[in-house]
Chemist: 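One structure coming up, written as structure tokens, with questions to follow.
Chain identifiers are assigned alphabetically (A, B, ...) following the order of the sequence lines, protein sequences preceding nucleic acid strands; residue numbering begins at 1 within each chain.
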2 protein chains.
Amino acid sequence: MYSTGVDTVERLIESTRELLWERGYTGTSPRAILERAGVGQGSMYHHFDGKADLAQAAIERTTQELRTEVGKLFAGPGPALDRITTYLRRERDVLKGCPIGRLTQDPDVVTNPDLRRPVDETFAWLKALLTAVLTDGQNNGELDASLDPAATASTIIAVMQGGYVLARAGNDPAYFDQAMVGVVALLDRARTDAGRAS
Amino acid sequence: MYSTGVDTVERLIESTRELLWERGYTGTSPRAILERAGVGQGSMYHHFDGKADLAQAAIERTTQELRTEVGKLFAGPGPALDRITTYLRRERDVLKGCPIGRLTQDPDVVTNPDLRRPVDETFAWLKALLTAVLTDGQNNGELDASLDPAATASTIIAVMQGGYVLARAGNDPAYFDQAMVGVVALLDRARTDAGRAS
DNA sequence: GTCTATAGTTGGATAGAC
DNA sequence: GTCTATCCAACTATAGAC
């Protein structure tokens, strides 16, 4: 008599999530996943078709978690730019990089529709969220009406993603922080007098 | 009697440069390099200590080339923001990603000082260059004196690096372009009236 | 549902002939 | 200086016992 397998599946997905973050898709082997999860080969191939299938489950969970966390962060009240600034400064493990964005560097991820889709959809979702926040700011009179919300949202996301790159290149989170300071200062120039007063 | 080996070394470095760009460090095997270069195992291990040593030579050449190209681009005349805008729009093979920035996602690169150093130094060089351009713009009266040149330079580099990430996630260079449009519009708000008139 | 055993391929490097 | 042959470990997956 064996257990139901729920714990095994859970451990496999969590181990895969960790390894994808640490080493990327190409750098993550089934063997390493199994060792970290503490299960045998057979269990993995019983529950999943193989490395790609397991990675898909792991990526989907990671993107789902990110959506939940970021969604909560923006659910609160406050001026648009303040909420965005809080978001930009929220990051802690900068040197670990972005668990989603780092996957885009892996050719085996971007050429596999099942693996790229959740990544793509997450960035699309985030862009829509930031676009809505910026549009709210304009409607509230905090932000200059001439600001292009969608383009600005793209820029904000890109600065974050690029911030990870600079921090890892320099092995210092301060490089990330400086890029955030720069974009926050630029965004601040789009505040209206009313937005500045609050 | 054999050839001098110059061509062999050349082909090895060029093949490695291509593969590092396409597949990253972990995803690039000595075997793949040799096949693409059309040389045997022995040649590689005669001229280089191994994979890491060859990768170092390839990365150093790539960073050197990038410095030369970007240096030329900024050597020309023109207002600071125009030159920066030209730089941001210069990119062609967006979906291939940045041959330098992509290396930061590879743990075997960032933990190896010999491999990380040229990457780090390239970003430091680029930041210094952009900082100087922005400072020039301030001294010329084109740009608002309240702009922080170093932080803004970091942001500009980060937007480019993040632009690659977004484009690859969406498999569409338009995502890169939109992030550039957004940051250019933000930078434009830092122009002085004099800078706008020109 | 889980395990170990096994297999074929590739990764990274060395040995030694020419 | 270059080549082929070879080595051991790891990668990814399958087989089949329990």
Chemist: Answer yes or no: is there an ion pair linking E121(B) with R116(B), defined by an N-O contact shorter than 4.0 Å?
Modeler: no

Chemist: Does T28(A) reach a base, just sugar-phosphate, or nothing at all? Heavy atoms under 4.0 Å.
Modeler: sugar-phosphate

Chemist: Say whether, by atom type as modelled, one donor and one acceptor occur between the side chain of R23(A) and the main chain of P107(B) under 3.5 angstrom.
Modeler: no

Chemist: Distance check needed: dG11(C) P versus R23(A) CZ, whole Å only.
Modeler: 15 Å

Chemist: Please collect all side chain to side chain donor-acceptor pair (under 3.5 Å) contacts where either partner lies in residues 27-45 of chain B, sequence neighbours excluded, each pair once.
Modeler: E18(B)-R36(B), E22(B)-R36(B)

Chemist: Round to a whole Å and report the spacing from CD of E10(A) to C1' of dT2(C).
Modeler: 18 Å

Chemist: Reading DNA chain C from 5' onward, which residue's closest nucleotide shows up sooner: S43(A) or A32(B)?
Modeler: S43(A)

Chemist: So does R117(A) pair up with E60(A), basic N to acidic O under 4.0 Å?
Modeler: no

Chemist: So which pairs with a foot in residues 159-169 of chain B pass side chain to side chain donor-acceptor pair (under 3.5 Å), sequence neighbours left out?
Modeler: E91(B)-Y164(B)

Chemist: Is the shortest distance from a Lys or Arg side-chain nitrogen in R191(B) or D188(B) to a carboxylate oxygen in the other one below 4.0 Å?
Modeler: yes

Chemist: Would you say a side-chain N or O of T8(B) is under 4.0 Å from OP1 or OP2 of dT2(D)?
Modeler: yes

Chemist: Do NZ/NE/NH1/NH2 and the carboxylate oxygens of R196(A) and E142(A) come within less than 4.0 Å?
Modeler: no

Chemist: What is the distance, to the nearest angstrom, from the CG atom on D49(B) to the P atom on dG12(C)?
Modeler: 16 Å

Chemist: Any ion pair linking E14(A) and R11(A) (charged N to carboxylate O, less than 4.0 Å)?
Modeler: no

Chemist: Should Y45(A) be listed as having a side-chain N or O under 4.0 Å from OP1 or OP2 of dT14(D)?
Modeler: no

Chemist: Any residue in residues 50-61 of chain B with a heavy atom nearer than 4.0 angstrom to DNA chain C? Just list them by number, or reply none.
Modeler: G50(B), K51(B)

Chemist: Report the residues that fulfil side chain to side chain contact (heavy atoms under 4.5 Å, CB included) with T63(A), sequence neighbours left out, ordered by chain and then residue number.
Modeler: I59(A), I100(A), P118(A), T122(A)

Chemist: Please report the distance, rounded to the nearest Å, between CE in M44(A) and C1' in dA15(D).
Modeler: 16 Å

Chemist: Say whether, by atom type as modelled, one donor and one acceptor occur between the side chain of S15(B) and the main chain of L12(B) under 3.5 angstrom.
Modeler: no

Chemist: From CG of D7(A) over to C1' of dG1(C), roughly how many Å is that when rounded to an integer?
Modeler: 13 Å

Chemist: So how far off straight is the helix from dG1(C)-dC18(D) to dC18(C)-dG1(D), going by the axes through five pairs at either end, to 10°?
Modeler: 10°

Chemist: Mind calculating the distance between CD (E35(A)) and C1' (dC11(D)) to the nearest angstrom?
Modeler: 12 Å

Chemist: Where do N or O atoms of nucleotides 5-7 of chain C meet protein N or O atoms at under 3.5 Å, pair by pair?
Modeler:
none

Chemist: Check the distance between dC11(D)'s P and L34(A)'s CG and give it to me in whole angstrom.
Modeler: 11 Å

Chemist: Given dG1(C), is OP1 or OP2 found less than 4.0 Å from the side-chain N or O atoms of H46(A)?
Modeler: yes

Chemist: Do D177(A) and R89(A) meet the salt-bridge criterion of a basic N to acidic O distance under 4.0 Å?
Modeler: no

Chemist: So, R189(A) and S146(B): side-chain donor and acceptor under 3.5 Å apart, yes or no?
Modeler: yes

